[in-house]
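Atoms within each ligand, like the ligands themselves, are counted from 1 in listed order. Each residue takes its place number in the sequence, starting with 1. No experiment lies behind these values; they were computed from the predicted model shown.
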Amino acid sequence: MNYSELVNEAMKAKEMAYVPYSKFKVGAAVITKGGKIYTGCNIENASFGATNCAERTALFKAVSEGDREFEAIAVVSSSGDFTPPCGICRQVLAELMPEGKIILANNNGETREYMVEDLLPVRFEL
Ligand SMILES: O=c1ccn([C@H]2C[C@H](O)[C@@H](CO)O2)c(=O)[nH]1
Ligand SMILES: [Zn+2]
């Protein structure tokens, strides 16, 4: 599948990032198995620990709207380079989209595709 539309949506979401501390904008777009797209940006907080990453913003929006079946998530950042999800996001991705694809895109139109298992092998489970 061509994920250019999903990457484009992630690029647009990135512009909504609230990043007064790091100035590092991240955008994510998740597509459900039914083809619906939810987007998210990172939202920072003065306490730092309360910061929410773009990937989790997008996924939490989707789950809170009743969607649970995801095909893929695209992630981009203001660095213009491939931006892999942090450890907390990997754990959330593993739980909510264990079979999903993670598409990293840079500003040259290139993409790298991963499965959750590639990014978080031997994960914690209850
Ligand atoms: O997976 C990640 C990793 C980091 N960030 C954000 C959090 C913070 O606002 C900024 C710098 O860490 O990037 C994300 O949105 N996703
Ligand atoms: Zn994260």
> Given Tyr3, which of Ile73, Ile103, Asn8, Thr111 fulfils the side chain to side chain contact (heavy atoms under 4.5 Å, CB included) condition?
Replying inline: Ile103
Pairing donors with acceptors under 3.5 angstrom, does anything connect the side chains of [X] and [Y]?
X	Y	value
Thr32	Glu71	no
Ser47	Asn45	yes
Asn42	Tyr18	no

> Should we say atom CD of Gln91 is surrounded by more than 12 heavy atoms from elsewhere, each under 6.0 Å from it?
Replying inline: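 Buried by this count: over 12 neighbours within 6.0 Å.
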Would you check whether [X] has a nitrogen or oxygen atom less than 3.5 angstrom from a nitrogen or oxygen atom of ligand 1?
X	answer
Asn42	yes
Ala54	yes
Glu55	yes

>> With a 3.5 Å distance limit and no angle check, can you tell me whether Ser22 reaches the backbone of Val19 through a side-chain donor-acceptor pair?
In response: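 Pair absent, no side-chain N/O of Ser22 close to backbone of Val19.
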List every atom of ligand 1 that sits less than 4.0 Å from any heavy atom of [X], numbering the atoms from 1 in the order shown and giving each element.
X	answer
Ser22	10 (C), 11 (C)
Glu44	8 (C), 9 (O), 10 (C)
Cys86	1 (O), 2 (C), 3 (C)
Pro85	1 (O)

> What protein heavy atom sits nearest atom 4 (C) of ligand 1, and how far away is it?
Replying inline: Cys53 SG, 3.9 Å
> Is the shortest distance from a Lys or Arg side-chain nitrogen in Glu110 or Arg112 to a carboxylate oxygen in the other one below 4.0 Å?
Replying inline: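 Looking at Arg112 together with Glu110, the answer is no, because their closest N to O distance does not fall below 4.0 Å.
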> How would you list, by chain and number, every residue that makes a side-chain hydrogen bond (donor to acceptor under 3.5 Å, both in side chains) with Glu65, sequence neighbours excluded?
Replying inline: none
>> side-chain contact (heavy atoms from CB on, under 4.5 Å) for Lys36 and Ile31? Distances and angles first, verdict last.
In response: CA-CA 5 Å; Lys36 189 164 177 189; Ile31 186 164; over 6 Å; no
> Counting only non-hydrogen atoms of the protein, does one fall under 4.0 Å from atom 13 (O) of ligand 1?
Replying inline: yes
>> Suppose the cut-off is 2.8 Å; how many protein N/O/S atoms fall inside it around the Zn ion (ligand 2)?
In response: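 N, O or S atoms of the protein closer than 2.8 Å: 3.
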>> Does Thr39 form a side-chain contact (heavy atoms from CB on, under 4.5 Å) with Met16? I'd like the steps, not just the answer.
In response: CA-CA 10 Å; Thr39 62; Met16 305 305 292; over 6 Å; no
